[in-house]
There are 2 protein chains.
Amino acid sequence: MEFSESKNIFLQIRDWIADQILQGKIVAGEKIPSVRELAMDMEVNRNTVMRSYSFMEEEGIIENKRGIGFFVAVDAKRNLLKKQKQTFLKDELPSILHRIEVLKLNSEDLKILIQTIQSNDHENQQ
Amino acid sequence: MEFSESKNIFLQIRDWIADQILQGKIVAGEKIPSVRELAMDMEVNRNTVMRSYSFMEEEGIIENKRGIGFFVAVDAKRNLLKKQKQTFLKDELPSILHRIEVLKLNSEDLKILIQTIQSNDHENQQ
DNA sequence: ATTAGTGTCATAATACACTATGACAGCAAA
DNA sequence: TTTGCTGTCATAGTGTATTATGACACTAAT
């Protein structure tokens with residue numbers, strides 16, 4: 001995995017796992033990679049992955065079974081959706097809006113963005 | 001100034017100055033705060049501000065006059081606009097799109113976003 | 001010439017993310 | 001019971017952002 005320089009690695013790992021859950025690639029009750037295994041795959045230290053997992057455990061999106069490993073919590077996806085939606089609209093969107101205003105980006109520059117939003121309008125199921 | 005934990009302070013200072021320039025609050029040729037002064041205002045070390053300024057000098061958006069201070073470069077605004085526009089569309093927009101897809105945010109959730117974009121459509125000058 | 005304001009350089013100390021490694025306990029299967 | 005997975009804890013080392021200070025050269029104004 002390729003990491004960004006500007007953000008802590010253990011948070012990027014967390015974000016990656018969370019994204020897997022939101023995309024449905026990992027479902028509730030399913031086991032996630034062991035600390036050692038993921039550390040190997042991502043060419044990262046065990047302690048760093050451990051930190052990500054501890055962090056996610058406190059958030060309640062994964063749970064530990066002693067001697068076995070970590071598993072996706074039952075309401076992980078629902079909680080992640082709620083929390084991230086709130087974070088995005090409240091914290092990230094304002095800076096995005098400011099960016100768009102300052103850079104004077106118009107409908108043509110952001111055609112893909114508008115298309116993406118509109119395609120979500122036609123999906124009312126859940 | 002309030003700093004985010006996740007990003008380097010000297011980069012946040014750079015972003016702040018760049019934003020002032022893009023907004024036209026500081027114009028070409030104008031003097032920006034001295035290293036010591038800005039450090040005081042932002043409650044940050046001199047060396048940290050110095051790092052921001054050195055960084056911006058390498059980028060060509062500010063210039064130094066020995067013994068006097070730093071000044072906004074002539075093409076600073078134009079260069080910043082070009083560079084940031086490119087960075088936004090190429091690096092940041094993709095992750096925003098992915099976020100919108102995963103969180104299934106629709107036109108109603110992002111009403112303000114769409115309005116902001118459309119208001120830029122009616123500004124064809126510059 | 002003196003004073004005060006500029007940037008600049010050097011040094012040391014602090015804080016923290018990340019790494020490297022070893023050791024130990026719990027669990028499951030052979 | 002042994003083997004091989006799990007997580008967990010402890011310890012030490014590295015790199016780097018940030019802080020804290022001091023000192024020096026340049027410029028402008030008195």
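Chain letters run A, B, ... following the sequence lines, proteins first and then strands; every chain starts at 1. Just so it is clear, the values below take in all heavy atoms, side chains as well, and ignore hydrogens, waters and symmetry mates.
Two end axes, each from the C1' atoms of five base pairs, can be drawn for the helix from C:dA1-D:dT30 to C:dA30-D:dT1; they diverge by 10°, to 10 degrees.
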| message | Each nucleotide in nucleotides 14-21 of chain D should get exactly one letter: B, S or -. Can you fill that in based on protein heavy atoms under 4.0 Å? | response | ---SSBBB
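Annotation: salt bridge (Lys or Arg N to Asp or Glu O under 4.0 Å) contacts of B:Asp75 (sequence neighbours excluded): B:Arg78. Residues passing the ring-ring contact (aromatic ring centres under 6.0 Å, His included) test with B:Phe70 are B:Tyr53, sequence neighbours excluded.
Less than 4.0 Å separates DNA chain D from at least one heavy atom of each of the following residues of residues 28-40 of chain B: B:Arg36.
Taking a 4.5 Å side-chain heavy-atom cut-off between Ile, Leu, Val, Met, Phe, Trp and Tyr, the cluster of A:Phe71 extends to A:Ile68. When hydrophobic residues (I, L, V, M, F, W, Y) are linked wherever their side-chain heavy atoms come within less than 4.5 Å, B:Val74 remains an isolated member.
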Listing, residues 33-42 of chain B side-chain donor-acceptor contacts under 3.5 Å, not counting sequence neighbours, or none:
from: B:Ser34; atom 1: OG; to: B:Glu37; atom 2: N; distance (Å): 3.1

Donor-acceptor contacts, no H, no angles, side chain residues 82-89 of chain A, under 3.5 Å, sequence neighbours left out:
from: A:Gln84; atom 1: OE1; to: B:Arg99; atom 2: NE; distance (Å): 3.3
from: A:Gln84; atom 1: OE1; to: B:Arg99; atom 2: NH2; distance (Å): 3.1
from: A:Thr87; atom 1: OG1; to: A:Lys83; atom 2: O; distance (Å): 2.9

Please write out the pairs of protein N or O atoms and N or O atoms of nucleotides 27-29 of chain D separated by less than 3.5 Å, giving the distance to one decimal.
none

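Heavy-atom contacts of chain B under 4.0 Å fall on DNA chain C between two terminal nucleotides, which in 5' to 3' order are C:dG5 to C:dA10.
Judged as a side chain to side chain donor-acceptor pair (under 3.5 Å), the pairs with a partner in residues 6-19 of chain B (not counting sequence neighbours) are, in order, A:His98-B:Asp19, B:Ser4-B:Ser6, B:Lys7-B:Asp15, B:Arg14-B:Glu59, B:Asp19-B:Gln23.
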